[in-house]
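Proteins get letters first, then strands, A, B, ... in listed order; numbering begins at 1 in each.
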Amino acid sequence: EADIYQTPRYLVIGTGKKITLECSQTMGHDKMYWYQQDPGMELHLIHYSYGVNSTEKGDLSSESTVSRIRTEHFPLTLESARPSHTSQYLCASSEGGGGPPYEQYFGPGTRLTVT
Amino acid sequence: KQEVTQIPAALSVPEGENLVLNCSFTDSAIYNLQWFRQDPGKGLTSLLLIQSSQREQTSGRLNASLDKSSGRSTLYIAASQPGDSATYLCAVRPRSGAGSYQLTFGKGTKLSVIP
């Protein structure tokens, strides 16, 4: 079973608040990802990281930001939450590196509701 | 731009039946294809990964096939059980280039196995 953790699992918060969604993995993976998923829709990549101090935007524009100061930790921050940010956020990791890309392992997700 | 389509969107079968889920993709320049399972409100569990050079992969009652030239993959589930009820997602990884670690997902097939 993959060792990738997300907190909180559920969050209801008011408009304008700053929030940070936590993601940690204990597998030593280089690559980490954040996906956004609306009900009944596809997952869309919003951020990814190839390693420490590396962050890139995904194919879906997002007002969130990420940081990668430690290999195992990839937090996502929303400076001012809005109702349009209501969604499920899924974190994932994979090995990669010099060899072929490996499977992506996913955390349990954070379901965010902004009122 | 890669597009992934999964048909049907929903499927209901009686317990014990064998079934096939379909996935098609528009760009055959893929590195691998991954099948996931997602339970309601949960993250994704990786089921099978097929490299582009492979034709199929098997795990227990699951068998996934890949026909890269026609842009198709199928997930075969033998002797379905109520515990198989979930949404099944297909995702492809591009072969190379910027963002080659990004997965493109389909919307999934929601499977219900009736006891």
Side-chain angles (χ1 to χ4, degrees), chain A residues 1-7 9-10 21 23 25 27 29-51 54-60 87-113, chain B residues 1-10 23-27 29-54 57 59 64 86-111:
Chain A
E1 189 166 323
D3 295 324
I4 181 164
Y5 309 97
Q6 290 186 242
T7 57
R9 292 291 315 280
Y10 304 92
L21 308 184
C23 176
Q25 49 95 7
M27 297 171 283
H29 284 167
D30 293 330
K31 313 294 186 289
M32 295 190 75
Y33 316 82
W34 276 103
Y35 292 86
Q36 184 173 341
Q37 184 184 30
D38 293 324
M41 301 299 290
E42 309 96 315
L43 277 76
H44 287 287
L45 184 72
I46 52 175
H47 297 284
Y48 59 101
S49 168
Y50 289 145
S54 149
T55 60
E56 302 286 344
K57 290 187 180 295
D59 58 0
L60 180 68
S87 189
Q88 170 145 305
Y89 294 84
L90 291 160
C91 181
S93 70
S94 67
E95 293 184 47
Y102 292 96
E103 295 179 53
Q104 285 195 13
Y105 295 91
F106 280 76
T110 293
R111 185 166 296 280
L112 172 66
T113 302
Chain B
K1 181 185 173 184
Q2 180 74 270
E3 292 182 3
V4 178
T5 303
Q6 291 187 246
I7 295 173
C23 171
S24 61
F25 46 96
T26 55
D27 186 348
I30 66 169
Y31 193 95
N32 60 37
L33 182 146
Q34 203 166 344
W35 281 95
F36 295 89
R37 167 185 173 140
Q38 185 174 31
D39 292 289
K42 303 286 181 62
L44 277 63
T45 301
S46 179
L47 298 174
L48 290 164
L49 181 147
I50 310 178
Q51 300 290 357
S52 62
S53 58
Q54 297 175 320
Q57 282 285 328
S59 176
T87 297
Y88 291 80
L89 299 169
C90 163
V92 298
R93 184 190 302 278
R95 182 184 301 159
S96 62
S100 60
Y101 289 95
Q102 299 186 31
L103 294 179
T104 300
F105 282 84
K107 291 184 179 181
T109 294
K110 185 175 182 180
L111 173 66

**Complete:** Looking only at A:Gly40, A:Pro108, A:Ala92, A:Gly107, the option with the highest number of non-hydrogen pairs under 4.5 Å against chain B is A:Pro108

**Message:** To the nearest 0.5 Å, what is the distance between CZ on A:Phe106 and CG on B:Leu103?
**Reply:** 6.0 Å

**Message:** For B:Glu3, is the CD atom crowded, meaning more than 12 foreign heavy atoms sit under 6.0 Å from it?
**Reply:** no

**Prompt:** Side chains of A:Arg9 and B:Lys42: closer than 4.5 Å at any heavy-atom pair?
**Reply:** yes

**Prompt:** Under a 4.5 Å heavy-atom cut-off, does chain B meet the side chain of A:Glu56, its backbone, both or neither?
**Reply:** neither

**Which portion of B:Gln38 sits near chain A, non-hydrogen atoms under 4.5 angstrom** = side chain

**Fill in**
Nearest heavy-atom approach of A:Tyr33 to B:Arg93 is OH-NH1, 4.3 Å

**Under 4.5 Å from any heavy atom of chain B - which part of A:Leu43** = both

